[in-house]
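Residue indices begin at 1 and follow the sequence shown.
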Amino acid sequence: MRTAALGPAQRAEALAGMAERELDVLVVGAGVVGAGTALDAATRGLSTGLVEARDWASGTSSRSSKLIHGGLRYLEMLDFALVREALKERGLLLERLAPHLVKPVPFLYPLQHKGWERLYAGSGVALYDVMSMARGHGRGLPGHRHLTRRHALRVAPCLKKDALVGALQYYDAQMDDARYVATLVRTAASYGARVANRARVTGFLREGERVVGARVQDVEGGGEYEVRAKQVVNATGVWTDDTQAMVGERGQFHVRASKGIHLVVPKDRIHSTTGLILRTEKSVLFVIPWGRHWIVGTTDTDWDLDKAHPAASSADIDYLLQHVNSVLAVPLTRDDVEGVYAGLRPLLAGESDATSKLSREHTVAHPVPGLVVVAGGKYTTYRVMAKDAVDEAVHALDQRVADCVTEDVPLLGAEGYRALWNARARTAARTGLHVARLEHLLNRYGSLTQEILDLIAEDSSLGAPLPGAEDYLRAEVVYAASHEGARHLDDVLTRRTRISIETFDRGTRSAREAARLMAPVLGWDEERIEREVRHYEKRVEAERESQRQPDDLTADAARLGAPDIVPL
């Protein structure tokens with residue numbers, strides 16, 4: 001297997017190659033489910049294409065709570081099958097498929113009632129651990145434990161003393177969702193999939209009732225391609241209904257968008273050695289460790305406005321601050337918020353109008369010959385969704401196709417990761433980088449870290465931190481453009497790194513230097529650098545303005561003040 005670099009030349013070759021001869025499977029949408037579907041199809045030996053209208057994971061899959069979890073609260077809903085499936089996937093990701101990207105994270109659940117609550121919640125957490133172990137993929141995580149109030153306050157001194165009578169602590173896992181998808185796409189490409197971002201499907205090719213491919217517009221270069229495929233998979237998440245409309249078919253189900261927003265605050269604003277999970281009147285609230293930060297979220301509200309750029313309103317931010325401050329001894333204020341992001345969950349519409357009651361399960365359908373639709377689900381179970389989508393597609397292929405093998409296909413960077421982690425001090429001494437830098441790189445790229453070190457060996461200036469975002473090296477910006485398919489400054493500051501939510505200036509101080517680092521790779525001149533920087537600054541200001549608005553309608557209008565960048 002070769003390691004795929006997704007630079008400008010490879011993107012052009014992929015688009016031309018897709019149009020050259022009929023594919024077995026064309027996947028539309030490169031969120032986690034679409035990327036997973038492309039990997040599943042490619043590793044079964046199928047000729048596979050993957051196209052994405054914007055950037056990898058630019059929709060829901062970069063705006064989640066960053067958790068890989070079994071769904072503890074679904075036990076309360078008695079949805080044992082969903083929890084069992086998710087726990088198995090959590091174990092696979094932690095232990096085999098992506099140990100460099102998926103990490104254990106502890107959570108503390110404060111108990112507010114004596115007696116019955118410890119018995120009730122403790123039974124649920126115990127069952128969660130038992131179900132995980134029963135699947136054979138839970139041994140890498142510590143078991144839950146019961147804490148007294150005094151012990152809980154030692155673990156999480158940030159809590160008000162009267163906010164709990166005791167606590168439970170248990171473990172789940174987390175990842176950088178956008179980085180995970182970018183790695184998934186590169187893994188699919190390494191197994192032969194042709195992949196292209198900024199490639200928008202404008203319509204489907206038809207022969208009678210059958211879908212036989214798609215018209216794909218190169219948003220960067222302006223050309224249009226006819227990509228023919230025996231089966232097309234619609235994996236467009238919250239855009240599912242819009243994509244289905246291109247064939248005059250809404251399908252057998254309807255996908256609704258539920259908005260969830262998250263706040264990012266500095267690590268020193270919440271004094272705790274563990275994450276927190278809190279009950280609200282509607283759902284649950286997480287306080288999640290995130291490097292030198294905390295992520296606080298999420299909300300769960302219906303959204304029927306712009307899907308590309310969901311906006312967080314002032315009311316959303318106040319809601320999260322109010323609920324987290326109900327348990328914090330030192331409350332958070334607006335001034336503590338470094339970053340804010342909003343995402344849309346694709347939920348299968350049910351009988352209830354409350355989005356928290358809509359289905360988190362997924363479904364696969366074949367509404368017209370040649371077109372498979374996969375929708376719903378949750379990030380953790382993306383691999384199962386991808387398997388089901390490809391299984392549905394191969395039923396209609398006139399050839400024998402192998403079964404799914406992705407349970408045994410590690411993502412790029414996984415193989416050799418643990419050995420490199422053990423040798424990180426020696427590598428640091430050899431390269432001159434601090435061991436903390438090596439740990440940062442290994443937990444973002446795994447064994448692909450050597451490719452970053454090669455860039456630094458060629459140009460030692462790339463080993464310096466990026467100004468304004470010292471957690472990241474200058475080499476990572478270059479690598480994002482040369483190997484990870486980043487086409488715009490926004491791609492790098494928002495998804496390949498998380499500078500846009502991890503700094504109080506939202507990445508504006510780093511923007512010009514980052515654009516200059518990308519320029520040689522992408523062939524930008526001085527004018528193009530200025531356009532990219534101006535666009536990014538306008539995007540940040542539009543987001544800030546939206547977050548000052550009182551409701552969804554005004555927030556959406558403010559966010560749309562900065563349209564997507566389109567190359568001239």
Side-chain angles (χ1 to χ4, degrees), residues 65 67 69-87 90 104-135 138 141-173 260 270-289 294 296-300 319-331 350 352 354-361 378 380:
S65 296
L67 293 178
H69 64 111
L72 181 60
R73 65 194 176 104
Y74 301 135
L75 281 181
E76 198 170 29
M77 304 174 191
L78 305 181
D79 199 342
F80 299 114
L82 180 61
V83 175
R84 191 180 300 112
E85 180 179 81
L87 286 172
R90 186 191 71 177
V105 60
F107 284 102
L108 189 79
Y109 176 66
L111 300 169
Q112 297 177 316
H113 306 279
K114 290 186 177 180
W116 70 267
E117 189 182 15
R118 186 178 291 277
L119 180 63
Y120 177 75
S123 298
V125 175
L127 178 59
Y128 195 63
D129 281 352
V130 168
M131 290 175 71
S132 173
M133 296 289 283
R135 301 299 295 182
L141 293 179
H144 75 284
R145 56 182 184 156
H146 287 258
L147 306 180
T148 63
R149 179 165 70 173
R150 180 179 294 180
H151 192 174
L153 290 171
R154 284 204 305 269
V155 172
C158 60
L159 294 173
K160 293 178 183 175
K161 290 183 180 178
D162 62 358
L164 70 165
V165 297
L168 296 167
Q169 189 174 48
Y170 74 98
Y171 277 77
D172 256 322
I270 300 176
H271 187 195
S272 178
T273 60
T274 178
L276 305 173
I277 177 172
L278 312 169
R279 275 193 179 277
T280 70
E281 67 276 10
K282 296 178 183 176
S283 186
V284 294
L285 184 76
F286 287 100
V287 179
I288 306 163
W294 296 95
V296 180
T298 178
T299 57
D300 198 350
Y319 172 88
L320 288 182
L321 289 176
Q322 175 192 342
H323 280 80
V324 75
N325 284 340
S326 70
V327 301
L328 293 181
V330 180
S352 169
T355 62
S356 60
K357 295 179 183 176
L358 296 182
S359 176
R360 260 63 172 179
E361 295 189 38
K378 55 204 287 282
T380 304

Discussion item. Go through it in stages, so that I can follow the logic: the residues are Leu159 and Leu276, the test is side-chain contact (heavy atoms from CB on, under 4.5 Å), and I'd like the CA-CA distance, side-chain angles, deciding distance and then a yes or no.
Written reply: CA-CA 10 Å; Leu159 294 173; Leu276 305 173; 4.0 Å; yes
Worksheet item: Looking only at heavy atoms, which two atoms of Val324 and Val287 are closest? And how far apart?
Response: CG2-CG2, 3.7 Å
Identify each donor-acceptor pair in which a side-chain atom of residues 161-170 lies under 3.5 Å from a protein atom, sequence neighbours left out, and give them as a table.
| unit_1 | atom_1 | unit_2 | atom_2 | d |
| --- | --- | --- | --- | --- |
| Gln169 | OE1 | Arg145 | NE | 2.8 |
| Gln169 | OE1 | Arg145 | NH2 | 2.8 |
| Gln169 | NE2 | Thr274 | OG1 | 3.1 |

Response to the item:
Tightest non-hydrogen contact, residues Thr298 and Ser65, listed as CG2-OG, 4.1 Å
Worksheet item: If every non-hydrogen atom of Ala156 is compared with every non-hydrogen atom of Leu108, which pair is closest and at what distance?
Response: CB-CD2, 3.9 Å
Worksheet item: Which heavy atom in Asn325 sits nearest to a heavy atom in Pro331, and how many Å separate them?
Response: OD1-CA, 3.3 Å
Worksheet item: CG of Leu153 to OG of Ser272: how many Å apart, nearest 0.5 Å?
Response: 10.5 Å
Discussion item. Can you confirm whether Arg90 sits close enough to Leu87 that some side-chain heavy atom of one is under 4.5 Å from a side-chain heavy atom of the other?
Written reply: yes
Worksheet entry | Asp300 side, atom CG; Tyr319 side, atom OH - distance, nearest 0.5 Å | 8.5 Å
Worksheet entry | Pro104 versus Tyr171, closest heavy-atom pair with distance | CB-CD2, 4.3 Å
Practice prompt. Give the intermediate values and the outcome of side-chain contact (heavy atoms from CB on, under 4.5 Å) for residues Tyr109 and Glu117.
Written response: CA-CA 11 Å; Tyr109 176 66; Glu117 189 182 15; 3.3 Å; yes
Practice prompt. Indicate the ring-plane relationship of His146 and His144, choosing parallel, tilted or perpendicular according to the 30° and 60° boundaries.
Written response: perpendicular
Worksheet item: Step by step, would you call Phe107 with Leu67 a side-chain contact (heavy atoms from CB on, under 4.5 Å)?
Response: CA-CA 12 Å; Phe107 284 102; Leu67 293 178; 3.8 Å; yes
Worksheet item: To the nearest 0.5 Å, what is the distance between CZ (Arg279) and CD1 (Ile277)?
Response: 8.5 Å
Discussion item. With rounding to the nearest 0.5 angstrom, report the NZ to CD distance, Lys378 to Glu85.
Written reply: 9.0 Å
Worksheet entry | Heavy-atom neighbours of His271 NE2 exceed 12 at 6.0 Å | no
Item to complete: Please lay out, stage by stage, how Leu127 and Ser123 fare under the test side-chain contact (heavy atoms from CB on, under 4.5 Å).
Response: CA-CA 6 Å; Leu127 178 59; Ser123 298; over 6 Å; no
